[in-house]
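So the structure is just underneath, and the comments pick up after that.
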Amino acid sequence: GKIDRERLVGELQWRFPAVAWVGVEVRGMVAVVRMVERSMPSSSVPADLVAARDGLITRLVVYRGTPVVAEGEMVRRGQVLVYGWEVRPDTRGALRSFPVAARAVIEARVWDEAMGATPLVFWRERKTGRRFSALGIRLGPWYLRLGVSRPPFVWFRHRRLSYGLGGGRNSLPLVEITFDRYDEIKQMISRRSPATAIGMAAREAEGALRRRLPPQARPSIRRTVRVEAEMVTVVLAAETVQEIGLARPKGETKGIWPRKRNESLR
């Protein structure tokens, strides 16, 4: 009962950098510890690790390769973070560089931004109560409209109901009766309140931001609201910590270090 779970989780995450999640559950005199290994970028051929996006490196644990950046450093997308080279002695004892598939845990603070906009003034439709109906009969390829063919409205909503007579389950009916209904509508200018517009814009921005972030992300979000004469804009800026290492095979990464494959390093 005296076990400090938060301290134990932090200690395990520090001792095992390759772990993405740690859970501790105490059952009487037994503590059950569950650990989930993170998926690190890997390659079956010699490769470097480059930045998948811009960010500020917060954690760097290298298992294979040579790091060229450090924690607390800003990196740009496509920048080499860990070169796929290792320096070790050859059969003669001389130090040489050999190509390897770089492997590392590289976490960085990254920023995403999404925006939603909603107008304060908009057009909406309203039914006037006037209605027009028309009846039609279809006999095979022939169609007969009874009464006036077009409604006497400029703006309207149309709905058709049809009833078939005769015919089989998988064939067209011999006779089809159609009933068309037209409801007159009127276009009106309306104005929504700033609070309603802010809520709509915020939901739009949240949906766009959710599609950009990974499912397990726990972002720190800052919201900015701008209310203008006819438009409300909500900007959400999210800060998260993500794995940004991306394996890129040798030859596809820009860089000239080391100049020769087997160059001795002293």
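All values below were derived from every heavy atom in this structure, side-chain atoms included, with hydrogens, water molecules and symmetry-related copies excluded.
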Item to complete: Could you walk me through whether F16 and M35 pass side-chain contact (heavy atoms from CB on, under 4.5 Å), step by step?
Response: CA-CA 10 Å; F16 302 96; M35 307 173 73; 3.7 Å; yes
Practice prompt. Determine, for R222 against E239, whether the closest basic-nitrogen to carboxylate-oxygen distance falls under 4.0 angstrom.
Written response: no
Worksheet item: Is I177 linked to L146 within one hydrophobic cluster, defined over Ile, Leu, Val, Met, Phe, Trp and Tyr using a side-chain heavy-atom separation of less than 4.5 Å?
Response: yes
Practice prompt. To the nearest 0.5 Å, tell me how far R109 CZ sits from S220 OG.
Written response: 9.0 Å
Fill in: Criterion side chain to side chain donor-acceptor pair (under 3.5 Å) on T178 and Y163, from CA distance to verdict
CA-CA 6 Å; T178 62; Y163 304 92; over 6 Å; no
Worksheet item: Looking at OH of Y143 and CD1 of I137, how far apart are the two atoms once the value is rounded to the nearest 0.5 Å?
Response: 9.0 Å
Worksheet item: Is the CD atom of E6 crowded by more than 12 outside heavy atoms at less than 6.0 Å?
Response: no
Discussion item. Is the shortest side-chain heavy-atom distance between S162 and E176 below 4.5 Å?
Written reply: yes
Practice prompt. Would you kindly confirm whether V227 and M200 end up in one hydrophobic cluster when ILVMFWY residues are joined by side chain heavy atoms under 4.5 Å apart?
Written response: no
Discussion item. Test side-chain contact (heavy atoms from CB on, under 4.5 Å) on V82 and V69; report intermediate values, then the result.
Written reply: CA-CA 7 Å; V82 180; V69 294; 5.9 Å; no
Worksheet item: Under 4.5 Å between side-chain heavy atoms, hopping through other hydrophobics if needed: is there a path connecting M115 to V232?
Response: no
Practice prompt. Could you go through the side chain to side chain donor-acceptor pair (under 3.5 Å) check for E107 and T58 one step at a time?
Written response: CA-CA 6 Å; E107 292 182 350; T58 59; 4.6 Å; no
Fill in: Expected output: side-chain T66 to main-chain W85 donor-acceptor under 3.5 Å
yes
Worksheet item: What orientation do F132 and F153 show, parallel under 30°, tilted 30 to 60°, or perpendicular over 60°?
Response: perpendicular
Discussion item. Between E11 and R7 (salt bridge meaning N to carboxylate O under 4.0 Å), is one present in this structure?
Written reply: no
Discussion item. Are I198 and I221 connected into the same hydrophobic cluster when the rule is that any two of I, L, V, M, F, W, Y join if their side-chain heavy atoms are below 4.5 Å apart?
Written reply: yes
Worksheet entry | Separation between CD of E73 and CG of L56, rounded to the nearest 0.5 Å | 9.5 Å
Worksheet item: Any donor-acceptor pair under 3.5 Å linking the side chain of D48 with the backbone of G84?
Response: yes
Item to complete: Check the surroundings of atom CZ in R145: do more than 12 heavy atoms from other residues, nucleotides or ligands lie under 6.0 Å from it?
Response: yes
Worksheet, complete the sentence: Distance col, row I185:CD1 vs R124:CZ, nearest 0.5 angstrom, shows 12.0 Å
Worksheet item: Pick from R157, R160, R159: which one makes a salt bridge (charged side-chain N to carboxylate O under 4.0 Å, His left out) with D180?
Response: R160
Item to complete: Apply side-chain contact (heavy atoms from CB on, under 4.5 Å) to V225 and T233, showing your working.
Response: CA-CA 6 Å; V225 179; T233 305; over 6 Å; no
Worksheet item: Does a side-chain N-to-carboxylate-O contact under 4.0 Å join R131 and D183?
Response: yes
Worksheet entry | Over all atoms of both residues, closest heavy-atom pair of G55 and V110 | CA-CG1, 4.2 Å
Worksheet item: Taking C-beta and beyond as the side chain, do V80 and L49 meet within less than 4.5 Å on heavy atoms?
Response: no
Discussion item. Do R192 and F122 form a cation-pi contact, if we require the NZ or CZ to be under 6.0 Å from the six-membered ring centre and within 45 degrees of the ring's axis?
Written reply: yes
Worksheet item: Is it true that R76 and D54 make a salt bridge, defined as a side-chain N closer than 4.0 Å to a carboxylate O?
Response: yes
Discussion item. Is it the case that atom CD in E228 sees more than 12 heavy atoms from other parts of the structure closer than 6.0 Å?
Written reply: yes
Fill in: Under 3.5 Å: donor-acceptor pair, side chain of E184, backbone of R130
no
Fill in: L8 reachable from V32 in the ILVMFWY side-chain graph, under 4.5 Å edges
no
Worksheet item: Taking C-beta and beyond as the side chain, do F179 and S133 meet within less than 4.5 Å on heavy atoms?
Response: yes
Item to complete: Give a yes or no on whether a salt bridge exists between R210 and D112, defined as a side-chain N under 4.0 angstrom from a carboxylate O.
Response: no
Worksheet entry | Cationic N near anionic O, under 4.0 Å, R27 to E25 | yes
Discussion item. Tell me if a side-chain donor or acceptor on T118 pairs with a main-chain N or O of A201 at a distance below 3.5 Å.
Written reply: yes
Item to complete: Could you tell me the separation between the CG atom of L213 and the OG1 atom of T240, rounded to the nearest 0.5 Å?
Response: 5.5 Å
Worksheet item: At what distance, to the nearest 0.5 angstrom, does CG of L81 lie from CD1 of I106?
Response: 4.5 Å
Item to complete: Verify, without hydrogens or angle tests, whether R53 (side chain) and W111 (backbone) share a donor-acceptor contact under 3.5 angstrom.
Response: yes
Worksheet, complete the sentence: Shortest non-hydrogen pair, R248 vs G78, comes out as NH1-O, 4.3 Å
Fill in: Contact check, side chains of T224 and V234, non-hydrogen atoms, under 4.5 Å
no
Item to complete: Apply side-chain contact (heavy atoms from CB on, under 4.5 Å) to Y63 and V105, showing your working.
Response: CA-CA 8 Å; Y63 295 94; V105 173; 3.9 Å; yes
